**Student:** 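Here it is, the structure, as structure tokens.
If you read the sequence from its start, that first residue is 1, and numbering goes on from there. Whatever order the structure lists them in is the order used to number ligands and atoms, beginning at 1. All values derive from a computational prediction rather than experimental measurement.
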Amino acid sequence: MSAVRTTCPYCGVGCGLVAERDDKGTLRLRGDPDHPASFGRLCVKGAALGETLGLSGRLLYPQVNGQRQTWSQALDYAAGQMKAIIEQYGPRAVAFYASGQLLTEDYYVANKLMKGFIGSANIDTNSRLCMSSAVVGYKRAFGADAVPGCYQDLEQTDLLLVTGSNAAWAHPVLWQRVLEAKRRRPQMKIVVIDPRRTATCDGADLHLALRPGSDGALFNGLLREVVRRKPLAAVRFAGQEQALAAAEPWHLAACADFCQLPQAQLRQLIDWLCAADSMITLWTMGINQSTSGSDKSNAIINLHLASGHYGRPGCGPFSLTGQPNAMGGREVGGLASQLACHMDFVPEDIARLRRFWGSERIAQTPGLNAVALFDAIARGEVKAVWIMGTNPAVSLPDSLRVNQALACCPLVIVSEVAAQTDTSRYAHVRFPALAWGEKNGTVTNSERRISRQRPFLPAPGEARADWWIVAQIARRLGYGDAFAWQHPQQIFCEHAALSGFENQGQRAFDISALAGLSQQQYDQLKPVQWPVTAQHPQGTDRLLIEREGWRKDGRAALVAVEPQLPRAVVGRHYPLLLNTGRLRDQWHTMTRTGAVPRLMAHTPQPQLAIAPADARRYGLRQGGLARVVSPQGWIAVRVRVSDEQLAGSLFLPMHWTDSFAGQGRVNALVSAACCPHSGQPESKQTAVRVEPWRPRWQGELLCREAPTFDSQIQWWRRPVEGCDHYHLAGEGDPEGWIRAQCQQRGWLIQHAAGPGFVHLLAWQGERLMLAFYSAERLPEVDIPWVASAFCGDASQCHALLAGQAPQGEGGEGRLICSCFGVGERAIAAAIAGGCVTTEALGQRLRCGTNCGSCLPELRHCLKSAG
Ligand SMILES: Nc1nc2c(c(=O)[nH]1)N[C@H]1C(S)=C(S)[C@@H](COP(=O)(O)OP(=O)(O)OC[C@H]3O[C@@H](n4cnc5c(=O)[nH]c(N)nc54)[C@H](O)[C@@H]3O)O[C@H]1N2
Ligand SMILES: Nc1nc2c(c(=O)[nH]1)N[C@H]1C(S)=C(S)[C@@H](COP(=O)(O)OP(=O)(O)OC[C@H]3O[C@@H](n4cnc5c(=O)[nH]c(N)nc54)[C@H](O)[C@@H]3O)O[C@H]1N2
Ligand code: SF4
Ligand SMILES: [Mo]
């Protein structure tokens with residue numbers, strides 16, 4: 001195999017990778033030095049991609065009602081059922097729920113089938129939960145969903161505001177670029193706006209730990225101050241008067257009060273803002289995932305327009321996309337509220353699509369957005385849903401309701417790469433999709449850069465491309481002629497042609513210069529930023545929003561913003577606000593990253609971050625267990641007391657599912673309140689209470705086979721080399737339960753018990769099958785060392801039964817640097833041995849020298865040691 005250039009399937013940074021085989025035939029992945037998003041860098045998740053390519057856990061064959069079927073049986077069944085439902089109840093009784101992790105080609109085909117031929121707009125995507133508020137913001141301000149800037153702007157700016165984004169963990173390579181730029185130009189200022197002190201704050205000049213949900217007031221306040229110092233011409237922007245009037249009450253003191261920030265911090269920010277020649281505001285989920293997310297997006301854009309910080313290098317509002325192809329989804333019209341290629345539900349666009357697609361069945365009105373869609377399923381109005389590349393049983397708010405909806409839906413079809421997900425357990429039909437490394441197409445990153453994902457592995461089992469599966473169904477529904485492609489290049493070219501079809505500059509998305517690519521040219525396509533047109537055949541790095549005039553009146557618009565607090569209100573029963581988000585080493589619902597031991601090592605169990613004062617108040621202690629309860633549900637977690645949290649506000653990771661924990665899904669708590677303009681749920685603020693949970697016993701379990709649990713036991717699973725590791729906590733009798741597990745399987749038991757503790761090993765011949773340790777509190781067990789007995793040497797029975805390595809053989813402690821597998825103990829030893837800087841640690845142990853995302857933690861280790 002010669003080197004294959006491709007793009008990372010995780011975040012919206014869109015880093016390039018090179019896949020190649022070495023002399024021995026081993027597959028190697030490395031950063032692509034020529035990719036303009038990343039120039040060879042990769043973060044831990046990207047660097048661990050090679051470890052996600054195995055086939056264990058993959059869905060490899062089509063299934064109907066749990067039975068393996070041939071492709072034609074499964075397709076016939078699914079199409080037949082859909083057809084019957086459409087005939088009886090009409091096209092609005094079926095829906096697709098798609099994903100920003102599909103390729104543009106897949107996405108285009110799914111959207112074309114639903115909106116163009118089935119004739120309903122009931123196709124929405126997980127991007128609804130992600131950046132739909134930003135889309136509304138751009139459309140209201142510019143008349144087009146167009147992110148104007150590029151990554152170079154972030155390196156060139158004087159002042160970088162980062163709000164509602166933990167880019168150090170969520171967009172690590174881009175953040176490394178920013179930090180490098182700041183090292184070169186220390187005068188560049190970085191201000192992080194986030195109720196939590198995150199790893200991103202580590203590189204900042206100023207951190208504003210504002211009250212959760214109060215950003216609208218902050219940006220209104222900045223707007224007011226900027227136009228007072230530098231008044232705007234009277235008619236510059238549409239909506240100007242109303243927007244400035246809405247900002248008028250937000251003087252410094254009002255702002256400080258609403259946002260609960262010191263006035264001195266606001267003054268500092270305003271001084272920097274007024275002195276800066278260029279400014280960028282980066283934002284992501286802390287802004288978008290809000291019941292006023294669209295308005296907050298506009299409050300940000302307002303500030304940029306009014307201060308003149310747009311349309312120039314180093315300037316602009318810049319929302320980052322989360323998923324690898326969230327932007328591609330916006331291009332093809334993946335949201336129920338859009339039509340393809342930046343067209344809208346207006347008669348001209350509907351007619352245009354009718355001409356282009358040659359269909360008389362184009363959807364006339366917007367469809368159901370994600371939350372409304374699952375409500376309609378629950379009510380029985382939508383009777384068939386096809387879920388592609390997303391795991392809504394976990395990721396949608398109010399997951400109990402979502403799971404109930406799926407359980408009662410007459411037809412659930414799931415296209416997946418993983419055999420078992422929380423969602424696919426409800427599926428009547430499972431279609432095996434090609435995964436990263438096998439699939440072939442394009443993705444678009446946060447800066448509008450289209451890059452190729454190229455296959456470097458053969459298709460496993462009977463897995464097929466997502467677009468192929470949709471096209472097969474389309475053919476069975478009777479629309480074969482419009483879905484007759486043989487190769488993704490043909491789909492791409494059709495999409496490119498549509499983007500330029502009757503487009504005299506009214507639609508920002510135009511890649512018509514790529515419509516004539518041959519298959520060879522498509523295969524060789526270099527990363528390029530849209531628009532790509534006859535005038536700009538090499539693509540466009542910056543969009544000059546004002547000159548474009550996508551709005552009918554030809555001007556950009558300011559939007560009047562009345563700042564709102566979250567819909568969630570704390571009170572006597574639910575006195576705390578729960579914030580949710582991402583961990584450094586996990587991707588979403590963990591179907592891929594959760595299988596990689598070194599990515600699971602950083603945070604093996606969901607941890608509830610709570611401020612010290614709150615922990616004292618509610619009787620929680622560091623490392624103890626707690627229940628978090630909301631009106632929607634409850635989950636069990638371990639407590640991490642942390643001064644990174646504001647008093648009154650908690651943080652939990654979004655990643656855990658029923659496959660990784662007994663009761664760990666954070667969306668069991670989150671309510672389905674949404675922004676009225678975008679339909680995006682308020683995933684960042686939920687009113688909850690916490691209760692200490694002191695179970696009768698806690699345990700550590702390492703085993704080769706999954707045990708069965710009863711409702712008395714809480715568990716959290718992670719894979720380690722050679723076996724699975726479970727943290728356990730329970731109310732009943734641990735010994736009876738664990739013995740039963742071993743006896744069922746005919747294993748020999750070796751055990752030691754005393755007052756309050758049970759240690760037990762189980763053997764099949766010489767083979768260690770299970771090691772179990774329980775006590776009243778979490779027992780001290782050297783997990784890495786015990787785990788190593790599952791891979792090789794299990795001869796030290798006494799030490800194994802004790803759960804402790806013999807002198808001098810201990811494990812690494814908690815993993816800090818995932819890239820080089822460097823743990824706490826080695827770092828502590830190096831610090832004791834004289835390393836006083838992160839550079840020195842890097843030289844000695846290599847930690848922190850690859851992706852850099854552990855640098856904040858290394859600094860923390862140095863600080864707590866010194
Ligand atoms: N490691 C990793 N990286 C990822 C992903 C992943 O799963 N894992 N997912 C990708 C995806 S799809 C997305 S959308 C992005 C998301 O990227 P981010 O949005 O950066 O990630 P989050 O952790 O969801 O939330 C960001 C921050 O918003 C803050 N926040 C909460 N409430 C408020 C508020 O009221 N105001 C302000 N200003 N801030 C607030 C939170 O404290 C949090 O630090 O990450 C992408 N990258
Ligand atoms: N509380 C809370 N909830 C949130 C968030 C939050 O911050 N807090 N964030 C929200 C955001 S921003 C997002 S983007 C969502 C993400 O939530 P989801 O989209 O539900 O999460 P993923 O785990 O990425 O789901 C992708 C699924 O597609 C499968 N898959 C991977 N590749 C392919 C492929 O090529 N084809 C097919 N057919 N399947 C594939 C994976 O195995 C996985 O099951 O979560 C949202 N939910
Ligand atoms: S920053 Fe990491 S996860 Fe995001 S695209 Fe780059 S390598 Fe992939
Ligand atoms: Mo996202």
**Student:** For N667, is at least one N or O under 3.5 Å away from an N or O on ligand 2?
**Tutor:**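 N667 vs ligand 2: N/O contact under 3.5 Å present.
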**Student:** Any atom of ligand 1 sitting under 4.0 Å from a heavy atom of H655?
**Tutor:**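 True for this residue.
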**Student:** For atom 12 (S) of ligand 2, which of R665, E416, R582, E682 has the closest heavy atom?
**Tutor:**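 Ranked by closest heavy atom to atom 12 (S) of ligand 2, first place is R582.
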**Student:** Short question: side chain of T7, backbone of G14 - any donor-acceptor pair under 3.5 Å?
**Tutor:**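 Flag not set: sc T7 to bb G14 has no pair under 3.5 Å.
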**Student:** For T591, counting its heavy atoms only, list the atoms of ligand 2 lying under 4.0 Å from any of them.
**Tutor:**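 By the 4.0 Å cutoff, the relevant atoms are 41 (C), 42 (O), 43 (C), 44 (O).
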**Student:** How far is atom 21 (O) of ligand 2 from its nearest protein heavy atom, and which residue and atom is that?
**Tutor:**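 Among all protein heavy atoms, the one nearest atom 21 (O) of ligand 2 is H588 CB, 3.4 Å.
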**Student:** At what distance is the nearest protein heavy atom to atom 11 (C) of ligand 1, and which residue and atom is it?
**Tutor:**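 For atom 11 (C) of ligand 1, the nearest protein heavy atom is G322 CA, 3.2 Å.
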**Student:** Hey, does N579 come in under 3.5 Å of ligand 1, counting only N/O atoms on both sides?
**Tutor:**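 Yes - when backbone and side-chain N and O of N579 are compared with those of ligand 1, one distance drops under 3.5 Å.
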**Student:** Short list, please: which atoms of ligand 2 are under 4.0 Å from a heavy atom of V666?
**Tutor:**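 Atoms satisfying the 4.0 Å criterion: 1 (N).
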**Student:** Would you mind running through ligand 1 and noting each atom that sits below 4.0 Å from a heavy atom of K45?
**Tutor:**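 Going through ligand 1 atom by atom, the ones under 4.0 Å from K45 are 1 (N), 2 (C), 3 (N).
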**Student:** Number the atoms of ligand 1 from 1 as they appear, then name those within less than 4.0 Å of a heavy atom of P212, with their elements.
**Tutor:**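 That gives atoms 35 (O) of ligand 1.
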**Student:** Show me which atoms of ligand 2 lie under 4.0 Å from any heavy atom of W587.
**Tutor:**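 In order of numbering, the contacting atoms are 24 (O).
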**Student:** Mind checking whether D466 contacts ligand 2 via backbone (N, CA, C, O), side chain (CB onward), both or neither, at a 4.0 Å heavy-atom cut-off?
**Tutor:**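 The side chain, only.
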**Student:** I need the atoms of ligand 1 closer than 4.0 Å to a non-hydrogen atom of Q586, numbered in the order shown.
**Tutor:**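 Here the atoms of ligand 1 in question are 1 (N), 2 (C), 6 (C), 7 (O), 8 (N).
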**Student:** Show me which atoms of ligand 1 lie under 4.0 Å from any heavy atom of W169.
**Tutor:**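 Per the distance check, 1 (N), 2 (C), 3 (N).
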**Student:** If we check side-chain hydrogen bond (donor to acceptor under 3.5 Å, both in side chains) with Q289, which of these qualifies: Q680, Q685, E682, K684?
**Tutor:**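 Result: among Q680, Q685, E682, K684, K684 is the only option passing the side-chain hydrogen bond (donor to acceptor under 3.5 Å, both in side chains) with Q289.
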**Student:** Going by the atom numbers of ligand 1, which of them fall below 4.0 Å from some non-hydrogen atom of C130?
**Tutor:**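 Matching atoms, with element in brackets: 14 (S).
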**Student:** Can a donor-acceptor pair be found, under 3.5 Å and without considering hydrogens, that links the side chain of H304 to the backbone of T281?
**Tutor:**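 The answer is yes, because a donor-acceptor pair under 3.5 Å joins these two groups.
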**Student:** Could you check which of L59, T125, L129 puts a non-hydrogen atom nearest to atom 46 (C) of ligand 2?
**Tutor:**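 Ranked by closest heavy atom to atom 46 (C) of ligand 2, first place is L129.
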**Student:** Which atom names give the shortest non-hydrogen contact between W587 and H655, and what distance separates them?
**Tutor:**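 Closest approach of W587 to H655, heavy atoms only: C-ND1, 3.9 Å.
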**Student:** Among all protein non-hydrogen atoms, which one is nearest to atom 17 (O) of ligand 1, and what is the separation to 0.1 Å?
**Tutor:**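 For atom 17 (O) of ligand 1, the nearest protein heavy atom is A170 CB, 3.2 Å.
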**Student:** Tell me, which protein residue and heavy-atom name are nearest atom 25 (O) of ligand 1, and how many Å apart are they?
**Tutor:**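 Checked against all protein heavy atoms, atom 25 (O) of ligand 1 sits closest to K684 CE, 3.3 Å.
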**Student:** Could you tell me which atoms of ligand 1, counted from 1 in the order shown, lie closer than 4.0 angstrom to a heavy atom of C11?
**Tutor:**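 Counting from 1, the qualifying ligand atoms are 47 (N).
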**Student:** Could you identify the single nearest non-hydrogen protein atom to atom 30 (N) of ligand 1 and state the distance to 0.1 Å?
**Tutor:**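 Sorting protein heavy atoms by distance from atom 30 (N) of ligand 1 puts G286 CA, 3.6 Å first.
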**Student:** Quick one, E438 with R58, criterion salt bridge (charged side-chain N to carboxylate O under 4.0 Å, His left out). Give me CA distance, side-chain angles, the key distance, then yes/no.
**Tutor:** CA-CA 13 Å; E438 301 149 11; R58 275 291 293 277; 2.9 Å; yes
**Student:** Is there a heavy atom of F431 sitting under 4.0 angstrom from any atom of ligand 2?
**Tutor:**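 False for this residue.
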**Student:** How far is atom 18 (P) of ligand 1 from its nearest protein heavy atom, and which residue and atom name does that atom have?
**Tutor:**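 Going by distance alone, atom 18 (P) of ligand 1 is nearest to T284 OG1, 3.4 Å.
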**Student:** Among all protein non-hydrogen atoms, which one is nearest to atom 8 (N) of ligand 2, and what is the separation to 0.1 Å?
**Tutor:**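 Of the protein heavy atoms, T580 OG1, 2.9 Å lies nearest.
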**Student:** I193 versus ligand 1: do any nitrogen or oxygen atoms come within less than 3.5 Å of each other?
**Tutor:**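 Yes, I193 has an N/O under 3.5 Å of an N/O on ligand 1.
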**Student:** Which ligand 2 atoms are under 4.0 Å away from a heavy-atom of S415?
**Tutor:**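 Numbered from 1, ligand 2 contributes 37 (C), 38 (N), 39 (N).
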**Student:** ring-ring contact (aromatic ring centres under 6.0 Å, His included), that's the test. Do W468 and F431 meet it? Break it down for me.
**Tutor:** CA-CA 11 Å; W468 181 88; F431 288 135; 8.9 Å; no
**Student:** Below 4.0 angstrom, N of the basic side chain to O of the carboxylate: do R665 and D658 qualify?
**Tutor:**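 Looking at D658 together with R665, the answer is yes, because their closest N to O distance falls below 4.0 Å.
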**Student:** Do any N/O atoms on N391 end up under 3.5 angstrom from N/O atoms on ligand 2?
**Tutor:**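 Between N391 and ligand 2 (N or O atoms, distance only) the closest approach is under 3.5 Å.
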**Student:** If you have a sec, work out which protein heavy atom is nearest atom 39 (N) of ligand 1 and how many Å separate them, to one decimal?
**Tutor:**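 For atom 39 (N) of ligand 1, the nearest protein heavy atom is G164 CA, 3.2 Å.
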**Student:** Contact between ligand 1 and L583 is defined here as a heavy atom of the residue under 4.0 Å from a ligand atom; is it met?
**Tutor:**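 True for this residue.
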**Student:** When you measure from atom 32 (N) of ligand 1 to every protein heavy atom, which one gives the shortest distance, and what is it?
**Tutor:**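 Checked against all protein heavy atoms, atom 32 (N) of ligand 1 sits closest to Q685 NE2, 3.5 Å.
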**Student:** What residue and atom, counting heavy atoms only, is the protein's closest point to atom 20 (O) of ligand 2, and at what distance?
**Tutor:**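 Checked against all protein heavy atoms, atom 20 (O) of ligand 2 sits closest to S395 OG, 2.6 Å.
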**Student:** Students should be able to answer this: which protein heavy-atom is nearest to atom 35 (O) of ligand 2, and at what distance?
**Tutor:**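 Nearest protein contact, heavy atoms only, for atom 35 (O) of ligand 2 is K439 NZ, 2.5 Å.
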**Student:** Report, in ascending order of atom number, the atoms of ligand 2 lying under 4.0 Å from any heavy atom of L434.
**Tutor:**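 The list of qualifying atoms is 34 (C), 35 (O).
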**Student:** Among T390, V417, D422, which one puts a heavy atom closest to atom 31 (C) of ligand 2?
**Tutor:**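 Looking at heavy atoms only, the winner is V417.
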**Student:** Heavy-atom pairs closer than 4.0 Å: do any link ligand 2 to the side chain of A433, the backbone, both, or neither?
**Tutor:**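 For A433, the contact with ligand 2 is made by the side chain alone.
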**Student:** Would D194 count as a polar contact of ligand 1, with the cut-off being nitrogen or oxygen pairs under 3.5 Å?
**Tutor:**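 Yes, since at least one N or O of D194 sits under 3.5 Å from an N or O of ligand 1.
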**Student:** Would W250 and F258 count as a ring-ring contact (aromatic ring centres under 6.0 Å, His included) here? Give the steps.
**Tutor:** CA-CA 9 Å; W250 296 96; F258 189 88; 5.1 Å; yes
**Student:** Does any N/O atom on R592 come nearer than 3.5 Å to any N/O atom on ligand 2?
**Tutor:**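 No, since none of the N or O atoms of R592 sits under 3.5 Å from an N or O of ligand 2.
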**Student:** Please say whether G389 places an N or O atom under 3.5 Å from an N or O atom belonging to ligand 2.
**Tutor:**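 Indeed, backbone or side chain, G389 has an N or O that close.
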**Student:** Using a strict 4.0 Å cut-off to heavy atoms of Q323, name the atoms of ligand 1 that fall inside it.
**Tutor:**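 Atoms satisfying the 4.0 Å criterion: 12 (S).
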**Student:** What are the atoms of ligand 2, with element, lying closer than 4.0 Å to any heavy atom of T589?
**Tutor:**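 Answer for ligand 2: 21 (O), 22 (P), 23 (O).
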**Student:** May I ask which of R58, E438, Q289, Q101 has a heavy atom nearer to atom 10 (C) of ligand 2 than the others do?
**Tutor:**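 Of the listed residues, Q289 has the closest heavy atom.
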**Student:** Would you mind checking which non-hydrogen protein atom is closest to atom 36 (N) of ligand 1, with the distance to 0.1 Å?
**Tutor:**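 Looking only at protein heavy atoms, the one closest to atom 36 (N) of ligand 1 is D215 OD1, 2.7 Å.
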**Student:** Are any side-chain N or O atoms of N403 and backbone N or O atoms of A393, one a donor and one an acceptor, separated by less than 3.5 Å?
**Tutor:**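 Yes; judged by distance alone, with no hydrogens or angles, the pair exists.
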**Student:** Begin with the C-alpha distance, continue with both residues' side-chain angles, and end with the deciding distance and a verdict on salt bridge (charged side-chain N to carboxylate O under 4.0 Å, His left out) for D202 and R197.
**Tutor:** CA-CA 8 Å; D202 200 57; R197 197 173 73 239; over 6 Å; no
**Student:** Report yes or no: does T284 contribute a side-chain atom to a donor-acceptor pair with the main-chain N or O of G164 at less than 3.5 Å?
**Tutor:**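 Pair found, side chain donor or acceptor close to backbone of G164.
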**Student:** What protein heavy atom lies closest to atom 19 (O) of ligand 2? Include the residue and the distance to one decimal.
**Tutor:**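 In this structure, atom 19 (O) of ligand 2 has N126 ND2, 2.7 Å as its nearest protein heavy atom.
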**Student:** Looking at E51 and R592, is there a salt bridge between them, counting it only when a charged N and a carboxylate O are closer than 4.0 Å?
**Tutor:**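 Here R592 does not pair with E51 in a salt bridge, since their nearest N and O are not under 4.0 Å apart.
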**Student:** Would you mind telling me which of R452, E105, R454 makes a side-chain hydrogen bond (donor to acceptor under 3.5 Å, both in side chains) with T442?
**Tutor:**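 The option that passes is E105.
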**Student:** Can a donor-acceptor pair be found between the side chains of S399 and N667 at a distance below 3.5 Å?
**Tutor:**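 There is no such pair (donor and acceptor under 3.5 Å, judged by atom type) between the side chains of S399 and N667.
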**Student:** Just which atoms of ligand 1 are under 4.0 Å from any heavy atom in R584?
**Tutor:**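 Under 4.0 Å from R584, ligand 1 has these atoms: 1 (N).
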